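First the structure, in the form of structure tokens, and then the observations on it.
Convention: sequence-line order gives letters A, B, ...; per-chain numbering from 1. No experiment lies behind these values; they were computed from the predicted model shown.
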2 protein chains.
Amino acid sequence: MISRPPRPRERGIPEATVARLPVYLRALQSLQDRGTLTVSSEDLASAAGVNSAKLRKDLSHLGSYGTRGVGYEVQYLVYQISRELGLTQDWAVAIVGIGNLGRALANYGGFGTRGFRIAALLDADPEMVGQSVASLDVRHIDNLEDVVRSKGVSIGVITTPAASAQGVATRFVEAGVSSILNFAPVVLNVPDGVDVRKVDLSIELQILAFHAQRRADGDGRAAERAGLELT
Amino acid sequence: MISRPPRPRERGIPEATVARLPVYLRALQSLQDRGTLTVSSEDLASAAGVNSAKLRKDLSHLGSYGTRGVGYEVQYLVYQISRELGLTQDWAVAIVGIGNLGRALANYGGFGTRGFRIAALLDADPEMVGQSVASLDVRHIDNLEDVVRSKGVSIGVITTPAASAQGVATRFVEAGVSSILNFAPVVLNVPDGVDVRKVDLSIELQILAFHAQRRADGDGRAAERAGLELT
DNA sequence: TGCTGTGAAACTCTTCACAGCG
DNA sequence: CGCTGTGAAGAGTTTCACAGCA
């Protein structure tokens, strides 16, 4: 168990775990900035807003990186998680649709604290083309294929209006991009093997409204029970 | 067990279902716009990007709103889902942090096609205060409590830098807001009974990078297996 | 002794497959 | 006959509780 190199790990980290690794990473980086050297699962879990058993099980999927009786070495764990997430290489990202949201993303400095590089900004509006946003010239969307090839773009971000999103996605896919982050409120159709993640602002609000309404409904009948919810 | 009205349903719709209702709603509204009167679970499911058994089970939590042999009446289902999500009332939303992202949200017209009203924009920067964004005057954050009270804000949106987010959240909570949508990359600490949802752009990118890396790793060893993944 | 790593139990969510209604 | 609604099986996730190493 000693002379092995860092160990790429067996393959097969649960999705739920993958989704939390970035949160742990952020918490660890903040500890690192504060000069903390080691951290227990209890403390790291509370910084990340999860319970400690979950955190330990999550980390156990990466390997045995903790020390019993002590905790985890912050620096080392930052490196292991970064590597696992693929942040030790850097990914070229193209953003299509330079409205307020596209601009917000382009300017979002610490893009996950390294690992990502905005390689191009594209828009369909001639007014927009040529403008400089976050030190990049906005180019016309007709250049999408060129840009993907020449800059080695592997992640496409779509911040266009809903009506244009599917077209852009298709062009990304045909140009060879197989990771897409979609902010447009539509379901994208892509071939197998292409990974689409969706961020939808209005869906999040609707989920909040659902819970808010439920709380309000309960208040009518159970106002004085003041939040006891044992069943 | 028979003479009951349409039935508000027992209470207890699974979280996973709640998260998909907005997607169904959007698909239904788009069918409605096209003048479609009824839709089968198969067709609606494919418009929403899920499988039909899941869709039927999800809808069954709301009640028996379909007709066997026919499908679902679009109009009626739109209404039922809207009601369940609490979109038949309208929710006053305050946005704190009027940078690019805050502006993008403020201008995001069809905020879930009704149900939400942007009631106030707040910022800490004196330069920003007084400017008009999306037909609203940006006010100074010192007015947060006033605004929450006077406009009846029940959902707070945080688009500030990370360092300010916790402070804003605390003020929201103390002012009586118990639903928060957080875009700042920090874990917020709030008392029980307050519902926080997080949208994190860089986390989404990191998850994409993880999968992209995995695909790339596999390619080295299994390029010619061309995507067969039976194990 | 103090903490990690992990079986096993509990729970949640998805998918299958079909009974039964319109 | 076609499609919904749903039991039951299966997969994935969380939590518990503790064995065992530093």
Open item on the list: Using a 3.5 Å distance criterion without hydrogens, assess whether the side chain of A:Arg20 forms a donor-acceptor pair with backbone atoms of A:Lys54.
Closed with: no
- [ ] Ignoring hydrogens and angles, state whether a donor on the side chain of B:Ser30 or B:Arg34 is under 3.5 Å from an acceptor on the partner side chain.
- [x] yes
Task: Between B:Ser60 and B:Arg56, a side-chain donor and acceptor under 3.5 Å - done: no
Task: No-hydrogen, no-angle side-chain donor-acceptor test under 3.5 Å, A:Arg83 and A:Gln80 - done: yes
- [ ] Please report, rounded to the nearest Å, how far the P atom of C:dT4 is from the NE2 atom of A:His61.
- [x] 17 Å
Task: B:Leu44 CG to D:dG2 C1', straight-line distance once rounded to whole Å - done: 17 Å
Task: Integer-rounded Å distance: C:dC3 C1' and A:Leu55 CG - done: 13 Å
Open item on the list: Could you check whether B:Ser179 and A:Arg215, counting side-chain N and O atoms only, form a donor-acceptor pair closer than 3.5 Å?
Closed with: yes
- [ ] Please state how far atom CG in A:Asp43 lies from atom C1' in C:dC3, giving the value in whole angstrom units.
- [x] 12 Å
- [ ] Could you tell me the separation between the CD atom of B:Glu15 and the P atom of C:dC13, rounded to a whole number of Å?
- [x] 8 Å
TODO: Kindly say if A:Tyr72 contacts the phosphate of C:dG5, meaning a side-chain N or O under 4.0 Å from OP1 or OP2.
DONE: yes
Task: Among D:dG5, D:dT14, C:dG5, the nucleotide that comes nearest once only the side chain of B:Ser64 is considered - done: D:dG5
Task: Length of the line joining B:Leu77:CG and D:dC3:C1', which is rounded to integer Å - done: 15 Å
Open item on the list: Nearest 0.5 Å, please: how far is CG in B:Asn100 from OG1 in B:Thr159?
Closed with: 10.5 Å
- [ ] Compute whether any side-chain donor of one residue and acceptor of the other, for A:Thr170 and A:Gln166, lie under 3.5 angstrom apart.
- [x] yes
Open item on the list: In this structure, how many angstroms lie between the C1' atom of D:dG12 and the CZ atom of A:Arg20, rounded?
Closed with: 11 Å
Open item on the list: So if I define the base as every atom that isn't primed, P, OP1 or OP2, how would nucleotides 15-22 of chain D read as a B/S/- string at a heavy-atom cutoff under 4.0 Å?
Closed with: BBB-BBBS
- [ ] State whether A:Ser40 places a side-chain N or O below 4.0 Å from either non-bridging phosphate oxygen (OP1 or OP2) of C:dC3.
- [x] no
TODO: Measure centre to centre between the rings of A:Tyr72 and A:Tyr65, then say whether the value is under 6.0 Å.
DONE: no
TODO: Take the C1' atoms of the five end pairs on each side of the helix from C:dT1-D:dA22 to C:dG22-D:dC1, derive the two axes, and give their angle rounded to 10 degrees.
DONE: 10°
Task: Intermediate values then yes/no, side chain to side chain contact (heavy atoms under 4.5 Å, CB included), A:Tyr108 and A:Ile118 - done: CA-CA 10 Å; A:Tyr108 185 11; A:Ile118 310 281; over 6 Å; no
Task: Integer-rounded Å distance: C:dG5 P and A:Asp58 CG - done: 12 Å
TODO: Could you check A:Pro14 against B:Glu42 and say which one's nearest nucleotide on DNA chain D is further toward the 5' end?
DONE: B:Glu42
